[in-house]
Structure formats: C-alpha cells, structure tokens
Q: 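Please find one structure pasted underneath; my questions will follow.
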Amino acid sequence: MMLSSRALRYEAGQLLILDQQLLPHEQMWILIENPEQMISVIQALKVRGAPLIGVAAVLSLADWYVKQKPSRADFLKKAEAMRAARPTAINLMNAVDRLTSCSESAIWQTALDIFYEDVELCEQMSLCASEHIADGDGVLTHCNTGGLATVGVGTALGAIQKAWQQGKKIHVYVDETRPLLQGARLTAWELEQMGIPHTLICDNMAGVLMSQGKIQKAFVGTDRIALNGDFANKVGTYSVAVLCHYHKIPFYVVSPSTTVDAHCATGQDIPIEERKDFEVRGVEGSFGSVQWASQGSPVFNPAFDVTPVDLVSGIVIDNISYSQTTLKSGILKEKFKR
Ligand code: MRU
C-alpha cells in the first residue's frame, strides 16, 4: 500500500509528512507514529491547508487504529482531540466525522477513500475554475492553495496550473501572506517549480497593481463555506476581495465540497482561530527568529477572515461554478443542508 502526494506519503506501513515550516529551504519528511504527533504538527502548521489537514488527520487516526487496535472509546477520544486541532478548517471535522461514523472494519478504507477523493475533487475544481482564467490574465492569489495544501493539484493554485497547462499566457501575483508567509514560502516556490511566471508582492502592494491594470482576476481557496456563500480563508482574503470590488476585478473562490459547512448558515457562524502574538511581533522560521516589535504592544492575530458573498464573483465547488446570484438564491442550503 502506497500513497504519494506533494506533502504526505504512506509507504512501507509508515505515514510521512513534509515539514512545511522548513520550506522552501529544506525538504524534511517527518514520520508520524500516533495521533498526538499529528495534532502537534497540524497546530505548528507543518501540515496545513484545509483539505490536507483533513486527509492527514484521518490517515493518522486510521493508521494508529489498525496498528494499535484500541477500544472504541479510546479511538473516539483520539478522534475528538484530532477534530479540535485547528478550529476553522471544516475539512478536518468533516473528515474525522466520516471516520468515526463508519463501521470499525471500514476505518482504514474510509481514510484511503478520503485521500483519493481529494485527488479527484482537486482535478474537478481546478479544471472547472480554469475556465474563468483567460489568456493574458494577471492573476492575484493569497496564501497557499496548491499541491502542498491538498493531496491533489490544489484548489485556486490548481486552477492557475491548469490554465497555464492549457497554454494560457498568465502572470501570477503572489501575496506574501503575513504573518506566516505561506504565499512567499510555499506558493512562490510551487510556481517556480512549475515554471509559471510570477511575481511575489507584500500583501499591501496588491492595490497599486490593480490600479495599474496588472490584475484581471483574483483566485483564492477557503477553509469553510457557509450555506449563504460567505466563506473564511487566510486573513487578508477579505482585503483582497474589497480591493477587487473597488477595481471591478472578478474574485473567485475554488473549493472541494468537503469545505462546505452544512451547520453554518452565514459567515458569522464560522469560528476563527486566533494565534500567538509573537507571529505578528516578528517572524520565526527555518531562517531563525526576529522579533522587531516591542513585547509591550498588544497584538491581534486572527488566522482567517470572513468574506461576504456580496464580494464574490463565483465559487467553484467540485465541478460546478456557482455565480454570486446563484449563491444568493440559496443553492448551497438546498444542496448541502443536512
Ligand atoms: O493556515 P493555513 O496555512 O492552513 O491556511 C490555509 C489557507 O488559508 C488556504 O487558503 C485554505 O486552506 C484553502 S486552500 C487549500
């Protein structure tokens, strides 16, 4: 049995994850031997990106279940702790719930199904969303939504890759994505490896590029979609959407159906993770640590923000592209409400 993706592998009975905190300078694979270890690498963002978190979580639970044969009560306890590892990415809860609601004999197969489904959904959504990208477009993206955030080609970055493979001559503008720099460290690196022309910018430079006519579309992923079409994504996404609205630039979200939360009516119901103050006072990484702000200054550090459906041109979910008008008609409630 072997599973292979950009940032997660299962080979010779061992689950391995690529430490994304060390990228792009070092590629180190970490052996995950139990769910506690997976929880700690998820919390440290060594494993990150909503779909990847979901897949990694269930593989680690299923691997441990098959090897340790714990009681049902112990398994459910570990699953509950895993479910709480990060609060905003609903893929995590959706995937763990699927694992705990299947029969015990189906636990390993269900984890495998979740892996393969993510690969397939990435193909579907990226192909579908690529139709919104035209030859010659300058495309802005925020955070990292590629092969490092999923076990397939990715969400928004997957669409960008497909458009490039279709021969469209695009140029990608990459928000560095403060505070943890997923754009600068991961997206720019993935684009470099794929040979797709791109320019790295600080988050506060998108506006000037839009005013100069360099950006024709914005594409982002999401960690949770509410039934009214509001969605949460990496903090800074809302600012991109507001800028796009002012400049009349189409703003698209690309997502698998595993990111829809059937229990959230609107974006106000989405819990937003708050992280440690030192991430904003400075930077920490494989390059070392610098704290430039005074310890005495209080910090606000939400990991995500919510963008209202009013600012969205469309959301691609799996192989369907929903326009803002369709989203506002209540289509997600009709399709996903349980
Ligand atoms: O904190 P992160 O790096 O896990 O945040 C990731 C994002 O915000 C992505 O845009 C999101 O998970 C959707 S794309 C796979």
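Both counts, for ligands and for their atoms, begin at 1 and track the order of listing.
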Q: So for ligand 1, is His142 a polar contact partner (N or O within less than 3.5 Å, distance only)?
A: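 In this structure, His142 places no N or O atom under 3.5 Å from an N or O of ligand 1.
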Q: Run the numbers for me: atoms of ligand 1, each under 4.0 Å from some heavy atom of Thr145, listed by number.
A: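 By the 4.0 Å cutoff, the relevant atoms are 10 (O), 14 (S).
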Q: Assess Pro51 for proximity to ligand 1: is some non-hydrogen atom of it under 4.0 Å away?
A: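 The answer is yes: ligand 1 sits under 4.0 Å from a heavy atom of Pro51.
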Q: Using a strict 4.0 Å cut-off to heavy atoms of Phe304, name the atoms of ligand 1 that fall inside it.
A: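 Atoms satisfying the 4.0 Å criterion: 1 (O), 5 (O), 8 (O).
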Q: As an exercise, identify every atom of ligand 1 less than 4.0 angstrom from a heavy atom of Leu45.
A: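 Selected atoms, number and element: 1 (O).
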Q: Taking 4.0 angstrom as the limit and counting only heavy atoms of Ala149, give me the atoms of ligand 1 inside it, by number and element.
A: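 Ligand 1 atoms under the 4.0 Å threshold to Ala149: 15 (C).
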Q: Are any of the N/O atoms in Lys234 less than 3.5 Å from those in ligand 1?
A: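 The answer is yes, given that Lys234 and ligand 1 share an N or O pair closer than 3.5 Å.
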Q: Is the Phe278-Trp292 ring centre distance short of 6.0 angstrom?
A: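 Distance test on ring centres: not under 6.0 Å, no.
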Q: Using a strict cut-off of 4.0 Å, indicate which atoms of ligand 1 neighbour a heavy atom of Gln182.
A: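 Answer for ligand 1: 1 (O), 2 (P), 3 (O).
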Q: Please determine if Asp223 has a nitrogen or oxygen closer than 3.5 Å to a nitrogen or oxygen of ligand 1.
A: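 Right, the criterion is met.
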Q: Geometry only, no angles: is Thr155 polar-contacting ligand 1 at N/O separations under 3.5 Å?
A: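 N/O-N/O distance under 3.5 Å: no.
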Q: Quick one: which ligand 1 atoms are inside 4.0 Å of a heavy atom on Ala50?
A: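 Near Ala50, meaning under 4.0 Å from one of its heavy atoms, ligand 1 has 12 (O).
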